[in-house]
2 protein chains.
Amino acid sequence: MRSDPPTPPTGWQAIRDEALRRIQSREWQAGAPIPNEAELAMQFGCARSTVNRALRELAAIGLIERRRKAGSRVARHPLRKATFEIPIIQHEVEARGGRYDFTLIARNLGPAPVAASSRMGLPAGAEMLHLQALHLSDGRPYMHETRWVNPVAAPGILDVDLARVSANAWLVQNVPYTRGELTLSAAAADGTRAEALGCAQGEAIFCMERITWIGEAPVTLVIQSYAPGHRMTTAI
Amino acid sequence: MRSDPPTPPTGWQAIRDEALRRIQSREWQAGAPIPNEAELAMQFGCARSTVNRALRELAAIGLIERRRKAGSRVARHPLRKATFEIPIIQHEVEARGGRYDFTLIARNLGPAPVAASSRMGLPAGAEMLHLQALHLSDGRPYMHETRWVNPVAAPGILDVDLARVSANAWLVQNVPYTRGELTLSAAAADGTRAEALGCAQGEAIFCMERITWIGEAPVTLVIQSYAPGHRMTTAI
DNA sequence: GAGGTTAATATGTGCAGACATAATAACAAA
DNA sequence: TTTGTTATTATGTCTGCACATATTAACCTC
């Protein structure tokens, strides 16, 4: 049940861990400066660059703050960061031991509602491809997805048979994005989603919304609604 | 409105960006190997370690996959990672321009319900401190928090006036954790939370659950329920 | 062929030294 | 006191080199 590495790390990771230990044991107090890199290099008998590497990793996870000339100090408010992997639905389902499948519920090309176009920064009534799909695990509804695709940014998508290839899979392979925004929220299941997910209307569902851009052009807005009870977990 | 750095990056960041550009322009195709570090160092006229640094960053965000001897290749499924900062409520509220305040609703020392103790891996009926608090923004409910604290791992907390100092603030300053787990989900507001948050019972609320350990000992389990409409956003 | 051994190779990490840069402290001038 | 200038300092980064290590490819034996 233990997932720790059996052998203790060496090199820069050992130094990172030792620094971690000193922080956690309050040997290095919150808010207080820690010895500078050169001194730590002496203590650990290694090069400064090795210490630098170790401390840089700690700074990356928000445990220490570093400033030139001022040195490094233990973060007073360990503004820790949590990292989630943005799931690829098929993998996620299969990792849970389910058989993956998906159904294209709707496909319409036409003017998008203002709610969608404005989220994407496009003029009202812009022509967009609207898709609705249901992702299944062992034949049971797993996640409902409603998506708008800007055909200007992803022209090829109009010729794809999206009942065979999921829009996400196609986009990821064919229209790499340069920037994106991800929003998590909770929402009550409306009629459409309740029906698709097979749950009661008004039930609380976990939503993940993504917008991606290629350069300045918005590519797609997707709202994924998970079946009730879905949880997204990560180690911190 | 533009947040890009005005001056283009130099050094390893320039190389990272150039590699990024080649991936996004499909000059380096998804799934295909990219030139090895030594060759790229030649191309860019820099040392291999500089290329190494750049590619390591790209690997860290999941855009390329690296294996010894096999070399680096563009990830076929850009399993991108999203990083959220775990919010410190006071800062979050103030960043949104609100005035922060909080109220301790309940404080009980006694055997914890099985749901809580089992989540923390403690025997049923273990003695724990149970707290309920409401965090306010401009006097309006912002987030409801229910928390169990293991007094064995955080003994000092029993003597703290938790109506003045929030449990989170005290714990963060006094009991650094070595490991944690964070879970996001959606839930329907039960009676307690609906009343506290001033919303209808059954309304969908966004929940963040955290468990932290110090060594092998569980420290605290906290379930934070945000007022309806809360959204958690990050750039990817 | 199947299976095992050996060599080749790309990345991972280390070192010492150098200079760049940001932020501070010390100092001087108004 | 305030303001501007000049060191000083710790981190940021780069270089060139070296060796470690994981993984593959080539080879050899049966």
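Chain letters run A, B, ... following the sequence lines, proteins first and then strands; every chain starts at 1.
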Colleague: So which of residues 17-32 of chain A are in contact with DNA chain D, with a heavy-atom cut-off of under 4.0 Å?
Modeller: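 Heavy-atom contacts with DNA chain D come from no residue of residues 17-32 of chain A; none.
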Colleague: Not counting sequence neighbours, which residues clear salt bridge (charged side-chain N to carboxylate O under 4.0 Å, His left out) with A/Glu94? List them please.
Modeller: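 Partners of A/Glu94 under the salt bridge (charged side-chain N to carboxylate O under 4.0 Å, His left out) test: none.
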Colleague: Which residue, A/His135, A/Glu209, A/Arg210, forms the side chain to side chain donor-acceptor pair (under 3.5 Å) with A/Gln224?
Modeller: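 Output: one option passes, namely A/Arg210.
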Colleague: Figure out the CD1/P separation between B/Ile15 and D/dT13, and round it to whole Å.
Modeller: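 Rounded to the whole Å, the gap is 13 Å.
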Colleague: Mind checking whether B/Tyr226 and B/Phe206 have parallel, tilted or perpendicular rings, split at 30° and 60°?
Modeller: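 Correct class here is tilted.
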Colleague: Can you build the contact string for nucleotides 11-16 of chain C? Use B for base contact, S for sugar-phosphate-only contact, and - for no protein heavy atom under 4.0 Å.
Modeller: BBBSBS
Colleague: Keeping to residues at least two apart or across chains, list the salt bridge (Lys or Arg N to Asp or Glu O under 4.0 Å) pairs with something in residues 135-145 of chain B.
Modeller: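 Found B/Glu145-B/Arg147.
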Colleague: For A/Glu39 and D/dT9, what is the distance between atoms CD and P respectively, to the nearest whole Å?
Modeller: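 Between P of D/dT9 and CD of A/Glu39: 14 Å.
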Colleague: Would you mind reading off the distance between B/Phe44 atom CZ and D/dT13 atom P, rounded to a whole angstrom?
Modeller: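 These atoms are roughly 18 Å apart.
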Colleague: For residues 29-57 of chain A, which residue pairs pass the salt bridge (Lys or Arg N to Asp or Glu O under 4.0 Å) check, not counting sequence neighbours?
Modeller: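 Every salt bridge (Lys or Arg N to Asp or Glu O under 4.0 Å) pair that includes a residue of residues 29-57 of chain A, provided the two are not neighbours, is A/Glu37-A/Arg48, A/Glu37-A/Arg66, A/Arg53-A/Glu57.
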Colleague: If only atom types and distance count, is the side chain of B/Thr178 paired as donor or acceptor with the main-chain N or O of B/Trp213 below 3.5 Å?
Modeller: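 Checking the backbone N and O of B/Trp213 against the side chain of B/Thr178, a donor-acceptor pair under 3.5 Å is found.
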Colleague: Please list, chain by chain and in numerical order, all residues satisfying side-chain contact (heavy atoms from CB on, under 4.5 Å) with A/Ala14, sequence neighbours excluded.
Modeller: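 For A/Ala14, no residue satisfies side-chain contact (heavy atoms from CB on, under 4.5 Å) once neighbours in sequence are set aside.
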Colleague: Evaluate the ring planes of A/Tyr142 and A/His230, with Trp represented by its six-membered ring, and classify them as parallel (under 30°), tilted (30 to 60°) or perpendicular (over 60°).
Modeller: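 Correct class here is perpendicular.
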